[in-house]
There are 2 protein chains.
Amino acid sequence: MTDPLDTTSDRRPGGRTARIRAQVLDAVRAELAERGHEGLTVEGVATRAGVHRATVYRRWRDVGGLLVDVIAAAGEIDWQPPDTGSLRGDLTALNQEIQESLVLRPSFAVALMAASFHSEQAARAQTQLWTDRYTQCEILVERAIERGELPAQHTDARSLLIAATAPLYHQLVLLRSDPDPHLPERAAQAAVLAAAAGAFSVRREEGRERGDGQ
Amino acid sequence: MTDPLDTTSDRRPGGRTARIRAQVLDAVRAELAERGHEGLTVEGVATRAGVHRATVYRRWRDVGGLLVDVIAAAGEIDWQPPDTGSLRGDLTALNQEIQESLVLRPSFAVALMAASFHSEQAARAQTQLWTDRYTQCEILVERAIERGELPAQHTDARSLLIAATAPLYHQLVLLRSDPDPHLPERAAQAAVLAAAAGAFSVRREEGRERGDGQ
DNA sequence: ATATTAACGCGACAGTTGTCGCTCTAGGTC
DNA sequence: GACCTAGAGCGACAACTGTCGCGTTAATAT
């Protein structure tokens with residue numbers, strides 16, 4: 001099981017290998033910043049990194065692989081969901097973060113989405129990323145229940161979170177409308193109201209049969 | 001103003017031009033069905049249509065342009081929003097349509113999204129398509145208000161519609177989860193509950209300043 | 001019918017993308 | 001210090017992509 005594409009395996013983690021990786025990932029970030037995600041090309045990255053094309057193709061396979069590794073390297077480990085003291089506040093803060101990440105130039109999130117249509121690797125990384133984030137955010141809902149902000153019966157945290165955040169992506173990515181400073185709060189508020197009305201409550205037996213995701 | 005890319009201009013609409021267009025668009029649909037959106041290439045379309053590459057490049061510029069024209073040709077004129085007698089029913093039906101269009105193989109909707117990351121032309125066509133659809137759907141909300149299903153104060157129809165439909169795209173396109181037969185109804189119901197609680201009501205002066213949307 | 005010309009066919013072309021076999025370098029091991 | 005070998009460099013290569021100029025066809029105008 002010596003996967004030549006596993007960039008985290010440490011078969012020979014020493015100086016050069018790590019140095020090349022750093023150079024290449026730096027180059028990816030720089031190219032992304034300069035040319036945007038549609039101008040991101042293996043050739044460009046390799047040249048900027050001062051590395052031969054074949055090296056990049058061997059280790060990362062394609063542009064999607066590069067983005068995956070950039071995301072992986074970008075920490076992603078120490079992210080914590082907001083904690084403002086209220087569900088509405090938490091969701092609003094979360095949405096503001098999302099809006100920022102989508103509006104930011106360059107947007108890694110948008111680049112990853114674009115790549116995921118062409119690279120299976122990128123697609124998997126993306127669903128993994130989202131799944132993890134949503135799992136981490138379930139605590140927001142649990143805290144809200146403890147505070148009594150939501151009805152005591154079980155609430156499907158995932159559905160609630162998606163309802164709160166989906167409009168952001170819809171507006172900014174699909175509809176490409178200008179960012180609306182009120183949208184994060186409005187979307188959060190709508191989800192909270194729906195939840196309070198029991199929109200995401202789930203009956204004992206039938207609700208959770210596909211909860212493990214993908 | 002003789003735009004060589006305006007496929008609807010009728011400078012010489014006679015037999016051959018129209019025939020070539022039909023051949024090419026048929027080929028696009030066939031290629032899409034066989035190879036999916038990532039296998040859709042100008043070369044492949046031209047070959048299958050029995051037409052020279054240069055012809056396709058001249059008239060449609062790129063894959064995005066082809067998709068745009070397919071969409072344009074696919075009617076889109078006679079679509080009508082559902083009318084089931086209740087807001088919840090209407091939104092559920094709408095969501096079911098959306099889910100179907102996203103799950104269908106090949107999915108023109110997904111192909112268009114993918115193309116819109118690379119082709120400015122496709123991107124514009126996409127936002128135009130969505131904007132039109134949402135505008136058409138505003139009548140659902142108006143009818144609901146007349147029926148007394150929503151509070152009498154003005155409701156921002158667009159926001160409500162987006163809240164109802166966005167989770168579908170989020171789940172199926174971004175999260176790539178398996179289609180959930182209950183999701184269309186759940187998402188619709190959540191939006192209705194939020195609306196009933198006043199989540200999308202808008203104050204007189206501050207709500208509509210960006211309503212015309214690009 | 002005949003003239004006009006928009007639009008297609010054709011082939012050549014440069015630029016890009018991705019692969020492969022080989023050599024060489026330098027990280028790790030003894 | 002001397003070896004081993006994972007992994008980078010290198011250049012050749014085929015396949016693909018998009019553009020261009022020119023000749024031809026056929027839709028329209030007269």
Side-chain angles (χ1 to χ4, degrees), chain A residues 1-28 31 35 37-67 69 114-115 117-122, chain B residues 1-28 31 35 37-67 69 114-115 117-122:
Chain A
M1 186 137 299
T2 55
D3 181 357
L5 289 175
D6 181 4
T7 49
T8 62
S9 81
D10 306 51
R11 303 184 56 184
R12 183 168 280 193
R16 188 171 63 168
T17 299
R19 191 165 56 248
I20 294 266
R21 177 165 181 247
Q23 287 172 19
V24 169
L25 296 191
D26 280 346
V28 172
E31 285 284 297
R35 307 184 197 278
H37 65 269
E38 44 198 15
L40 189 65
T41 172
V42 173
E43 172 75 44
V45 169
T47 303
R48 180 187 284 256
V51 158
H52 198 271
R53 278 212 317 282
T55 299
V56 178
Y57 280 116
R58 271 192 289 253
R59 283 186 64 177
W60 288 276
R61 177 164 228 111
D62 58 18
V63 178
L66 286 168
L67 281 169
D69 204 13
F117 281 106
H118 297 281
S119 158
E120 188 53 40
Q121 207 180 161
Chain B
M1 187 142 300
T2 55
D3 182 357
L5 288 175
D6 181 3
T7 48
T8 63
S9 81
D10 306 51
R11 304 184 56 184
R12 182 167 283 192
R16 186 171 63 170
T17 299
R19 192 166 55 248
I20 295 262
R21 177 165 181 246
Q23 287 172 20
V24 169
L25 296 191
D26 280 346
V28 171
E31 286 284 298
R35 307 184 197 280
H37 65 268
E38 43 198 16
L40 190 65
T41 172
V42 172
E43 172 76 43
V45 169
T47 303
R48 179 186 284 255
V51 157
H52 198 272
R53 279 211 318 281
T55 299
V56 178
Y57 280 116
R58 272 192 286 253
R59 282 185 64 177
W60 288 276
R61 175 165 228 110
D62 58 17
V63 178
L66 286 168
L67 281 169
D69 204 13
F117 281 106
H118 298 281
S119 158
E120 188 53 39
Q121 206 179 162

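Quick caveat, the model's predicted, so the values are computed rather than measured. Scope of the values below: all heavy atoms of this structure, side chains included, with no hydrogens, waters or symmetry mates. Chain letters run A, B, ... following the sequence lines, proteins first, then strands; residues in each count from 1.
- Looking at residues two or more places apart in sequence or on another chain, you find a salt bridge (charged side-chain N to carboxylate O under 4.0 Å, His left out) between Arg48(A) and Glu31(A), Glu34(A).
- The side-chain contact (heavy atoms from CB on, under 4.5 Å) test with Val45(B) singles out one residue from Val63(B), Val28(B), Asp26(B), Leu25(B), and that residue is Val28(B).
- Partners of Glu43(A) under the salt bridge (charged side-chain N to carboxylate O under 4.0 Å, His left out) rule, at least two apart in sequence or in another chain, are Arg53(A).
- What separates CH2 of Trp60(B) from C1' of dT19(D) is a distance of 18 Å, to the nearest Å.
- Residues passing the side-chain contact (heavy atoms from CB on, under 4.5 Å) test with Gln23(B) are Arg19(B), Ala49(B), Val51(B), sequence neighbours excluded.
- Taking atom CD of residue Gln23(B) and atom P of nucleotide dC8(C), one finds them 11 Å apart after rounding to whole Å.
- Between the CD1 atom of Ile20(B) and the C1' atom of dC10(C) there is a distance of 14 Å, rounded to whole Å.
- Ala22(A) is linked by a side-chain contact (heavy atoms from CB on, under 4.5 Å) to nothing, counting only residues two or more places apart in sequence or in another chain.
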Each nucleotide of nucleotides 12-23 of chain C classed B (base within 4.0 Å of a protein heavy atom), S (only sugar-phosphate) or -, in 5' to 3' order, makes B----SBBBB--
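- Rounded to 10°, the angle separating the first-five-pair axis and the last-five-pair axis of the helix from dA1(C)-dT30(D) to dC30(C)-dG1(D) equals 30°.
- For Thr17(B), no side-chain nitrogen or oxygen approaches OP1 or OP2 of dA7(C) to under 4.0 Å.
- Scored by the side chain to side chain donor-acceptor pair (under 3.5 Å) test, His37(A) finds no partners at all (sequence neighbours excluded).
- Between Phe117(B) and Phe117(A), the angle of the ring planes lies from 30° to 60°, which puts this pair in the tilted group.
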From CA spacing to verdict: salt bridge (charged side-chain N to carboxylate O under 4.0 Å, His left out), Asp69(A), Arg21(A) | CA-CA 9 Å; Asp69(A) 204 13; Arg21(A) 177 165 181 247; 2.7 Å; yes
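- Contact annotation: side chain of Arg16(B) to base of dA26(D), donor-acceptor pair absent below 3.5 Å.
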